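Worksheet for the structure shown next.
First the proteins, then the strands, lettered A, B, ... as listed; each starts at 1. If you're wondering where the values come from, they're calculated on a predicted model, not measured in any experiment.
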2 protein chains.
Amino acid sequence: MITETKISLSEQTRERLLAAARVVFSESGFQNATVREICRRAEVNIAAVNYYFNSKEALFAATLNFEPLLTLCKQINQGSTCAQERLLNFIHDFLMQLLDEKEFSVQCQFMARELAEPTPVLGKIVQEAIAPIHQFVANLVREIVGKKISEAELRRCVFSIFGQCMYYRHGQPVIQRLHPKLRYDHREIEAIAKHIGDFSLAGLKQIAQNQCP
Amino acid sequence: MITETKISLSEQTRERLLAAARVVFSESGFQNATVREICRRAEVNIAAVNYYFNSKEALFAATLNFEPLLTLCKQINQGSTCAQERLLNFIHDFLMQLLDEKEFSVQCQFMARELAEPTPVLGKIVQEAIAPIHQFVANLVREIVGKKISEAELRRCVFSIFGQCMYYRHGQPVIQRLHPKLRYDHREIEAIAKHIGDFSLAGLKQIAQNQCP
DNA sequence: TTTACTTTAAAACAAACGTTTGATACACTT
DNA sequence: AAGTGTATCAAACGTTTGTTTTAAAGTAAA
């Protein structure tokens with residue numbers, strides 16, 4: 001049992017490091033985040049990063065866990081509603097994970113940040129998270145607009161939906177200056193989700209009409 | 001006249017510095033761009049940056065010139081077509097400036113980059129460029145959907161339009177991995193502009209219906 | 001207690017950054 | 001011809017970064 005205590009102590013610092021890393025990385029991004037700041041918040045020595053993980057980059061990779069994002073897609077797929085309804089649900093849940101600061105879902109923010117400033121682990125993130133949920137939305141869109149849509153146009157529809165969602169996160173520094181009073185509270189996120197949902201469904205319907213006139 | 005020669009030589013290095021800075025800043029962003037790289041490309045000494053400008057930041061501020069972006073808005077306003085048509089024109093021209101690598105319009109890319117990684121001159125950029133063109137699009141949207149729309153909903157419409165456009169630039173590293181063959185040539189940009197235009201006009205019509213049922 | 005191993009700690013390392021220095025070359029004025 | 005101010009240059013400065021080192025402390029087994 002003493003062994004367990006020792007391991008658990010060691011695991012404690014490892015976990016503290018991971019927790020602090022998640023926070024700092026999501027706040028400052030991979031590049032701006034410093035190992036010193038992470039260790040300071042975790043209250044561990046600077047050398048701990050290279051002791052438990054081998055590098056800052058490996059620590060960053062270790063903080064990645066996109067399961068909640070992917071289970072979101074699965075759960076929505078299991079719901080037996082129509083494609084339109086599922087798309088609305090996805091937009092809502094995705095925005096919640098993306099914008100709600102209270103909810104613990106830093107993974108989504110990593111994904112968002114990676115779009116703008118790619119890090120060495122971008123490949124992993126694209127493969128494990130971004131590609132699957134893009135595919136998920138692409139499937140929904142194809143169901144909605146019909147199978148006659150071309151690959152290129154389908155891709156643009158997916159980009160239109162993600163672009164609208166991501167702008168609220170990417171543009172946050174700018175949006176904050178344009179509209180200082182705007183806060184992403186629960187009510188605002190609901191309103192944004194409804195807007196993007198309505199806007200996109202109407203857009204998709206138009207694209208569908210363009211395809212088979 | 002000898003004085004003129006001397007001054008013009010001096011101006012030459014100053015201009016070479018500015019030109020190189022525009023390129024490097026737009027390629028790598030403010031933070032990632034190094035003074036050494038800028039000077040290397042301009043073929044001037046490192047000290048030139050702090051000699052002609054006082055700092056890297058002031059050099060960056062000196063590269064900013066949003067006139068072409070604002071004249072774009074004015075030109076579109078002078079056209080006497082309907083609001084829908086003017087919005088389509090704006091989306092097209094904006095995307096051209098944003099995505100076309102051949103056309104020399106780094107300013108738009110600065111604006112885009114600033115969204116994701118704000119620099120100390122973000123305030124200036126928001127004030128001089130982003131706020132005006134957001135206002136420009138907001139006016140167009142209000143013309144299209146009618147005056148009953150709330151400020152909040154109007155804001156979301158503008159974000160939807162810019163979000164769609166910006167995603168192609170912000171998401172470029174990711175998009176490149178998702179669709180390696182995709183290139184932003186002239187034809188592709190035209191297709192993107194048409195897609196976002198159709199998608200958005202349909203979205204706006206839907207929002208208008210929501211407002212006055 | 002002694003031994004072997006793991007974990008922590010402070011300090012130093014090497015590299016990269018923006019910036020500054022001090023010397024040098026040049027053009028122009030007096 | 002001497003003096004003045006400007007432009008350029010190589011070199012170094014002071015920080016900050018991720019990483020490594022080296023030794024001490026702690027822990028479990030012999």
For residues Gln135(A) and Asn139(A), is any side-chain donor paired with an opposing acceptor at under 3.5 Å?
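Indeed, the side chains of Gln135(A) and Asn139(A) share at least one donor-acceptor pair under 3.5 Å.
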With no hydrogens and no angle check, just 3.5 Å: does a side-chain donor-acceptor pair link Gln31(A) and Asn32(B)?
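Short answer, yes.
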Can you say whether the rings of Phe162(B) and Phe90(B) are parallel (under 30°), tilted (30 to 60°) or perpendicular (over 60°)?
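It falls in the perpendicular class, over 60°.
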For Tyr167(A) and His134(B), take the angle between the two ring planes, folded into 0 to 90°, and tell me which bin it lands in: parallel under 30, tilted 30 to 60, perpendicular over 60.
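The rings of Tyr167(A) and His134(B) lie parallel, inter-plane angle below 30°.
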With Glu67(B) via side-chain hydrogen bond (donor to acceptor under 3.5 Å, both in side chains) - residues at least two apart
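Here no residue qualifies.
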[X] [atom1] to [N] [atom2], straight-line distance once rounded to whole Å:
X	N	atom1	atom2	value
Glu37(A)	dT17(D)	CD	P	10 Å
Asn32(A)	dG18(D)	CG	P	10 Å
Asn50(A)	dT20(D)	CG	C1'	8 Å
Arg14(B)	dT6(D)	CZ	P	15 Å
Tyr52(A)	dA9(C)	OH	P	10 Å
Ile38(A)	dG18(D)	CD1	P	8 Å

Sequence-distant partners of Glu27(B), salt bridge (Lys or Arg N to Asp or Glu O under 4.0 Å), two or more places apart:
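Expected list: Arg41(B).
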Scan for salt bridge (charged side-chain N to carboxylate O under 4.0 Å, His left out) pairs involving residues 135-145 of chain B, sequence neighbours excluded, and state none if there are none.
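Those involving residues 135-145 of chain B are Arg86(B)-Glu143(B), Arg142(B)-Glu151(B).
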Quick one: salt bridge (charged side-chain N to carboxylate O under 4.0 Å, His left out) pairs with a partner in residues 173-185 of chain A, sequence neighbours left out?
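Pairs touching residues 173-185 of chain A that pass the test: none.
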Please list residues of residues 54-62 of chain A whose heavy atoms come under 4.0 Å from any atom in DNA chain C, ordered by number; otherwise none.
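Result for residues 54-62 of chain A: none.
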N or O in side chain of Tyr51(B) less than 4.0 angstrom from dT6(D) OP1/OP2
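So the side-chain polar atoms of Tyr51(B) never come under 4.0 Å of the phosphate oxygens OP1 or OP2 of dT6(D).
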In B/S/- notation, 5' to 3', how is nucleotides 9-16 of chain D contacted by protein heavy atoms closer than 4.0 Å?
BB-B----
